[in-house]
Amino acid sequence: MAKSESRPGPVSPDPWTPILAELLDGLGTAARATGVDAERGVLESLLDLEGGPQGDVALPVHRLAASSRRAAPTLASDIARAWVPSPSIESVSADGAFVNFRVSTVRLATETLSRIAARGERYGGQDGPGPKAIIEHTSANPTGPLHVGRVRNGIIGDTAARVARAMGESVTTQYYVDDLGRQAAMITWIWSKPRDQWPTEIATASAEPPPPARDDVRYGRPYPFVSAYLKDHPEARADLAQLVQAIEEGHGPPLHRELAEKILAGMLATLARINIRFDTFVWESSLLTDGSVDEVLRRLNGLPSSITEANGARALDLARYGLPKESSRVVYQRGDGTSLYVTRDIAYHLKKMRAAERVVDVLGQDHRLHARTLDAFFGELGEEHRPTFIIYQDILAHGGGRMSTRGGSAVWLDELLDDAVRRARREVLDRWEGIEPAEVDRIAEAVGTGAVRFHILRIAPEKPVAFDWEQALSFEGRSGPFVQYSYARAGSILRKSQMSEFYEGYDPSLYTSDSEKALVRVLARLPRVLRGVLRTSHVQNVAGYAHDLADEFNRFYHAVPVLSSGAERTSRLALVAAAHQTLGNVLDLMGIERLERM
RNA sequence: GGGCGCGUGGCCCAGCCUGGAUAGGGCACCGGGUUCCUAACCCGGCGGUCGAGGGUUCAAAUCCCUCCGCGCCCGCCA
């Protein structure tokens, strides 16, 4: 029987919650009736919410059968037979060792549409206040324009941040700017000389780019050649070492910070094209000036396990944290007393861990050992709170191999975006006569950048990928534009309906076709998908869901008429409105522009 | 050499954490669909036993072991 539990407090944002509760009630009763006394939690953990070929929810009874010494198929049919009819569950049947439940579309549609109507932009997520989270991503050194290999980091991090925010967390995104190392110093080194005094190798190789060039392109230009030049010019290396030291001691030339800021601004402009922006920037040098590095050094030096090396350098042996033997002894303070990258990174993370309950770093696989080292340090320092690392593999150059600026295998992100936008522009012009020029620009930019962002997002971070120009620029099938297109299609129907309120007077019992039933089911799935993404950081599933939803909406679109339908018109419009809202929410989560027309 | 990650139809991927019913998509290819809400779409077809081998289990793409291939890391660099 239906238990109309009086649940105080807000209703669950997940339409499945009340239905599952009812299903579990019934299941407990049916199981007991057949002599199986399983706890509700056990039954819940056994349920397969993806359903199966026979229904919406499946229960494999093997384990229950084993513990009650029954034959699985017999138990399955016994449970199905003992099932007491319940309003949310349309049918229960046994098939082999499985009990299959078909959920009432009317019930599911009611729960789902009422939530979409009530929550609107917030459908799919949860209400706060959740924990405070700091998500650090991208953090590329300000040495020149971003290439495609680096942007995977930003797309993963930005999407994770959007999802966390939707799930009620109070999120701050951070970019850690490395202004202390040799890399940034090389740029200062070369630009502090008048151009006519540059070594000829560098000057000829890095000719001034044409005027409209942004600062990241312009000031980053000589960087790879400086790097090459230093290899066989020891006197320049000595020069640079002095500069690095001066910067670390806080009296580097003002030009240093200026250049870093200019180049960074250029990089950020590129990221903004794919809707990646940051709440805060933490400059590595600030950790030296605000004393946090000193504090870390004091704490580490006070550890009984701290080792002093021959020349006075200090290290920790972290072998007991499972670090490989060859890299378990980690120096954290140089012989001259200065700090190292790890030390500053420890300081940075301690700071983040004090400010937030959840600290997430998005790191390339070359930082895997570094992440483990940090974790070991925190163990040694007795820190209980630890960061979460999302590790991703590089996007390799076309034939394989890392993207290299000097080798010419790097694909600049701006170049890729420009190409995508050009292609999108052709498509728009082909399909839409008489469109305003400004409108073409706007749509082409949204479609092109959306395609690129989706293309990178859809692949699991840990998967190595080789960059493929053709695939990155695809606008069909599993792509960003496909999702945008579906959103626009839905919007177009709503517009033509001339209505403004879609969730009044609809009747879910009219959703009788397969495509309507299927659409209701995908819509209902979003809250569960987002909980999974938050838990596992599998951001690719946002793209996967977006495609499933778009796919199902298009099937519905072709299968049943909306505006020209009779009695079903109002109800179908409600479904279209729900799909439109949900597609839009998912586009937001992916950082892809919503387009009302395309 | 050691550590970590990846290996699913011709190509690109999801599923692996928390093992369950004939392994899901997309691209490409073949055949259809537009007097009708946007054909960046839809319908149908072809095609894989999940790198190889062993193990655990009633049940393995999923867990464990060995091997092979590819990538990354193993600095008083960042």
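Just so we're on the same page: letters track the sequence lines, and every chain starts at 1.
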When the side chains of residues 448-461 of chain A are checked against the rest of the protein, which donor-acceptor pairs come out under 3.5 Å, sequence neighbours left out?
unit_1, atom_1, unit_2, atom_2, d
A:Thr449, OG1, A:Glu445, O, 2.7
A:Thr449, OG1, A:Ala446, O, 3.4
A:Arg453, NE, A:Met590, O, 2.6
A:Arg453, NH1, A:Asp158, OD2, 3.0
A:Arg453, NH1, A:Ile274, O, 2.8
A:Arg453, NH2, A:Asp158, OD2, 2.7
A:Arg453, NH2, A:Thr159, OG1, 3.1
A:Arg453, NH2, A:Met590, O, 3.3

Item to check | A:Asp514: salt bridge (Lys or Arg N to Asp or Glu O under 4.0 Å) partners, not counting sequence neighbours | outcome: none
Checklist entry - A:Glu248: what forms a side chain to side chain donor-acceptor pair (under 3.5 Å) with it, not counting sequence neighbours? => result none
Next on the checklist: Could you work out, with side chain to side chain donor-acceptor pair (under 3.5 Å) as the rule, every residue matching A:Gln333, not counting sequence neighbours?
Outcome noted: A:Asn301
Are the side chain of [X] and the backbone N or O of [Y] linked by a donor-acceptor pair below 3.5 Å?
X        : Y        : result
A:Asp336 : A:Thr338 : yes
A:Ser77  : A:Pro73  : yes
A:Arg372 : A:Gly322 : yes
A:His256 : A:Asp179 : yes

At less than 3.5 Å, do the side-chain atoms of [X] and the base atoms of [N] form a donor-acceptor pair?
X        : N     : result
A:Glu326 : B:G3  : no
A:Asp179 : B:A78 : no
A:Asn311 : B:C76 : yes

Does [N] have its OP1 or OP2 closer than 4.0 Å to a side-chain nitrogen or oxygen of [X]?
X        : N     : result
A:Ser564 : B:C37 : no
A:Arg237 : B:C77 : no
A:Tyr557 : B:A39 : yes
A:Asn541 : B:G15 : yes
A:Gln540 : B:G15 : yes
A:Arg368 : B:G71 : no
A:Lys463 : B:U8  : no

Checklist outcome for this item: Picking from B:C41, B:C4, B:C73, the nucleotide nearest the side-chain atoms of A:Arg372 would be B:C4
Item to check | Heavy atoms of other groups near A:Glu39 CD, more than 12 under 6.0 Å | outcome: no
Round to the nearest Å and state the distance from [X] atom [atom1] to [N] atom [atom2].
X        : N     : atom1 : atom2 : answer
A:Gln365 : B:C74 : CD    : P     : 12 Å
A:Lys325 : B:C4  : NZ    : C1'   : 12 Å
A:His367 : B:C77 : NE2   : C1'   : 11 Å
A:Arg489 : B:C41 : CZ    : C1'   : 4 Å
A:Asp95  : B:G20 : CG    : C1'   : 13 Å
A:Leu563 : B:U38 : CG    : C1'   : 12 Å
A:Ile459 : B:C11 : CD1   : C1'   : 12 Å

Next on the checklist: With a 6.0 Å cut-off on the ring centroids, do A:Tyr348 and A:Tyr176 count as close?
Outcome noted: yes
Checklist entry - Is the A:Phe389 to A:His370 ring centre distance short of 6.0 Å? => result no
Identify the pairs formed between an N or O of the protein and an N or O of nucleotides 45-51 of chain B at a distance under 3.5 Å, and give each distance.
none

Next on the checklist: Any carboxylate oxygen within less than 4.0 angstrom of a Lys/Arg side-chain nitrogen, looking at A:Arg525 and A:Glu552?
Outcome noted: no
Checklist entry - With both distances under 3.5 angstrom, what nucleotide forms a Watson-Crick or G-U wobble pair with B:G10? => result B:C27
Next on the checklist: With a 3.5 Å limit on both atom pairs, tell me what B:C58 is paired to, counting Watson-Crick and G-U wobble, or say none.
Outcome noted: B:G20
Checklist entry - Under 3.5 Å, is there a donor-acceptor pair between the A:Asp361 and A:His367 side chains? => result no
Could you go through nucleotides 24-26 of chain B and list every protein N or O atom that sits under 3.5 Å from one of its N or O atoms, giving the distance for each pair?
unit_1, atom_1, unit_2, atom_2, d
B:G25, O2', A:Arg478, NH1, 2.8
B:G26, O2', A:Arg478, N, 3.4

Next on the checklist: By the salt bridge (Lys or Arg N to Asp or Glu O under 4.0 Å) test, which pairs, at least two apart or in different chains, include something from residues 460-489 of chain A?
Outcome noted: A:Arg423-A:Glu470
Checklist entry - Please, which pairs that meet salt bridge (Lys or Arg N to Asp or Glu O under 4.0 Å) have at least one residue in residues 50-73 of chain A, sequence neighbours excluded? => result A:Glu50-A:Arg528, A:Asp56-A:Arg521, A:Arg70-A:Asp78
Item to check | Under the ring pair (Phe, Tyr, Trp, His ring centres under 6.0 Å) test, residues paired with A:Tyr392 that sit two or more places apart | outcome: none
For nucleotides 30-32 of chain B, give me every protein contact, N/O to N/O, under 3.5 Å, one pair per line with atom names.
none

Checklist entry - Does anything in residues 136-144 of chain A reach RNA chain B, meaning a heavy atom under 4.0 Å, and if so which residues? => result A:Asn141
Between the protein and nucleotides 56-58 of chain B, which nitrogen or oxygen pairs are less than 3.5 angstrom apart?
none

